[in-house]
Protein chains: 2
Amino acid sequence: MRILVAEDDDRIAETLVSALSKAGFAVDRERDGESAWYRGDSENFDAVVLDLGLPQMDGLTILKRWRSAGRTVPVLILTARGQWEERVDGIEAGADDYVVKPFHVLEIIARLRALVRRASGHASSRIMFGPYQLDMRTMQVSADGLPIELTPQEFKLIAYMVHHRGRVVSQLEITEHIYSQDYERDSNAVEVLVGRVRKRLGKDVIKTRRGFGYTLGDGF
Amino acid sequence: MRILVAEDDDRIAETLVSALSKAGFAVDRERDGESAWYRGDSENFDAVVLDLGLPQMDGLTILKRWRSAGRTVPVLILTARGQWEERVDGIEAGADDYVVKPFHVLEIIARLRALVRRASGHASSRIMFGPYQLDMRTMQVSADGLPIELTPQEFKLIAYMVHHRGRVVSQLEITEHIYSQDYERDSNAVEVLVGRVRKRLGKDVIKTRRGFGYTLGDGF
DNA sequence: GGTAATTTGTCAGTGAATTGTCAGCTGGAT
DNA sequence: ATCCAGCTGACAATTCACTGACAAATTACC
């Protein structure tokens, strides 16, 4: 899951970036409004954390521009305490949720997960696929209630696949969504990762579409 | 779909060529402005990725020359971050879209697909033909929602045919658009490929116009 | 803060699916 | 009937993905 954090305050931004990374998101950060707008406009993030008071272009403007350009990416607004008018404006401009500063990072994480989940059409934080259950909250996969040990990367991969079930996901797409920033293009890290997930969940969970990418296997 | 990448920076160019090839495009690359101009002027590409800062002849000049010579090929401009003026100039010179460096390749791919789609007069990335549906975004062909497994080359062929339905497409044209420059002229690879697609989608999808080429069959 | 354990990425070798080539065949146009 | 563009099945070459072993990086633990 790839998240854009648009926040000019370095301290806050670093807290967020580090917490979100640990929570398993791939995080990119922008410090000014114009850059934030451009990246949200041109790239596919799974969600955006947007501070309203950004230099160069303020958060509300950014959000309105995205929405009028048809960008539906879930947006979580950060707003200063007591500025309830801002909240209203934000929601009207198309924000999906908001959090008041100072905030608890855990709350941000929980809300982001909820947003991503809703955006991909799943209501609960637990998603079934085949005999397995994926719990986004605890980052665990289980079969019949028995937890299966997955490493963080393995979990990210299967979670991304489950969120995009029903279509083919290219290696490039996987790389960009489970790793931050750019990555070595000629690496077989994704193939190895797929192999490891298969070893844990059975070789049919992920099906190879040679030349295109991968899909969740039939029945998952 | 054949793409010309006009970019002098080797690292960027290689990233692009490799990613675009994997995404199913046939890619040719030129490193200087004059060669780029010549190839775009004399060959039929489905789209061009044009860096503005090319040696010998800069991107804007190339673009203006093409346009004044009546070349309508979709052009995606690569521009350095913050050069908003360039972007405006580019659009005035006839660019169809622009992307700021540094970019994410997924974005380039998405925008190129959109350009090609619009150029062939289709609004959506999903195109119906007969009982089938072609989805350029997920690179899948399906019948009644059930995906049909095609190999990459097979997909490229049927995609090209569907984009150019209603007219006869010569073997040479097919070769030029689904393979990169180094193709054998006296090979029956296209015939074999057509045969394989017919085997998967039914032998009437592609109709032979003996001596001229192929068309989508009646009702497709 | 340093060391052990775990996770993750790289590499080289292997295996399998895709694609191109070839040779012989088919069938439509004249 | 003949000719030749196009078709087809078999095979070879190529490309792409998988695997196991090792190295690097990250995390956990004292």
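What you see below is based on every heavy atom in this structure, not just the backbone, and it leaves out hydrogens, waters and symmetry mates. Chain A is the first sequence line, chain B the second, and so forth, proteins listed ahead of strands; every chain is numbered from 1.
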task = Return the residues of residues 152-169 of chain A meeting this criterion: a heavy atom under 4.0 Å from some atom of DNA chain C. Order them by number, or give none.
result = A:Pro152, A:Gln153
Quick one: side chains of residues 135-144 of chain B, donor-acceptor pairs under 3.5 Å with protein atoms, not counting sequence neighbours, listed by atom name and distance.
| residue | atom | partner | partner atom | Å |
| --- | --- | --- | --- | --- |
| B:Asp135 | OD1 | B:Arg137 | N | 2.8 |
| B:Asp135 | OD1 | B:Thr138 | N | 3.2 |

Expected output: side-chain B:Asn188 to main-chain B:Glu191 donor-acceptor under 3.5 Å = no
remark   = Residue set satisfying salt bridge (charged side-chain N to carboxylate O under 4.0 Å, His left out) with B:Arg71, at least two apart, ordered chain then number -> B:Asp41
key: Which residues share a side-chain contact (heavy atoms from CB on, under 4.5 Å) with B:Asp8, sequence neighbours left out   = B:Asp51, B:Leu54, B:Pro55
note = For residues 156-168 of chain B, the salt bridge (charged side-chain N to carboxylate O under 4.0 Å, His left out) pairs (sequence neighbours left out) are B:Arg167-B:Glu173
key: Contacts of A:Tyr132 that satisfy ring pair (Phe, Tyr, Trp, His ring centres under 6.0 Å) - sequence neighbours left out   = A:Phe129
Extract from the structure each pairing of a protein N or O with an N or O of nucleotides 11-15 of chain D at less than 3.5 Å, listing the distance.
| residue | atom | partner | partner atom | Å |
| --- | --- | --- | --- | --- |
| D:dT15 | O2 | A:Arg210 | NH1 | 3.4 |

key: Five-pair end axes of the helix from C:dG1-D:dC30 to C:dT30-D:dA1, angle between them (10°)   = 40°
remark   = Taken in chain and number order and not counting sequence neighbours, the residues that satisfy side chain to side chain donor-acceptor pair (under 3.5 Å) with B:Arg111 are B:Asp97, B:Glu107
inquiry  = It should be established whether B:Tyr214 places a side-chain nitrogen or oxygen under 4.0 Å from OP1 or OP2 of nucleotide D:dA5.
reply    = no
task = Return the set of residues passing salt bridge (charged side-chain N to carboxylate O under 4.0 Å, His left out) with A:Asp96 (not counting sequence neighbours), or none when no residue passes.
result = A:Arg67
Contacts table for residues 195-214 of chain A: side-chain donor-acceptor under 3.5 angstrom, sequence neighbours left out:
| residue | atom | partner | partner atom | Å |
| --- | --- | --- | --- | --- |
| A:Arg198 | NE | A:Ile206 | O | 3.0 |
| A:Arg198 | NH2 | A:Ile206 | O | 2.9 |
| A:Arg198 | NH2 | A:Thr208 | OG1 | 2.7 |
| A:Arg200 | NE | A:Glu149 | O | 3.4 |
| A:Arg200 | NE | A:Glu154 | OE1 | 2.8 |
| A:Arg200 | NH1 | A:Glu149 | O | 3.1 |
| A:Arg200 | NH2 | A:Glu154 | OE1 | 3.4 |
| A:Arg200 | NH2 | A:Glu154 | OE2 | 3.4 |
| A:Lys207 | NZ | B:Glu149 | OE2 | 2.9 |
| A:Arg209 | NH2 | B:Leu150 | O | 3.3 |

side-chain N/O A:Tyr179 vs C:dG9 OP1/OP2, d < 4.0 Å = yes
message = Please tell me if B:Lys199 has a side-chain N or O lying less than 4.0 Å from either OP1 or OP2 of D:dG9.
response = yes
inquiry  = D:dA17, OP1 or OP2 - any side-chain N/O from A:Thr208 closer than 4.0 Å?
reply    = no
query = Who passes side-chain contact (heavy atoms from CB on, under 4.5 Å) against B:Ala110, sequence neighbours left out?
reply = none
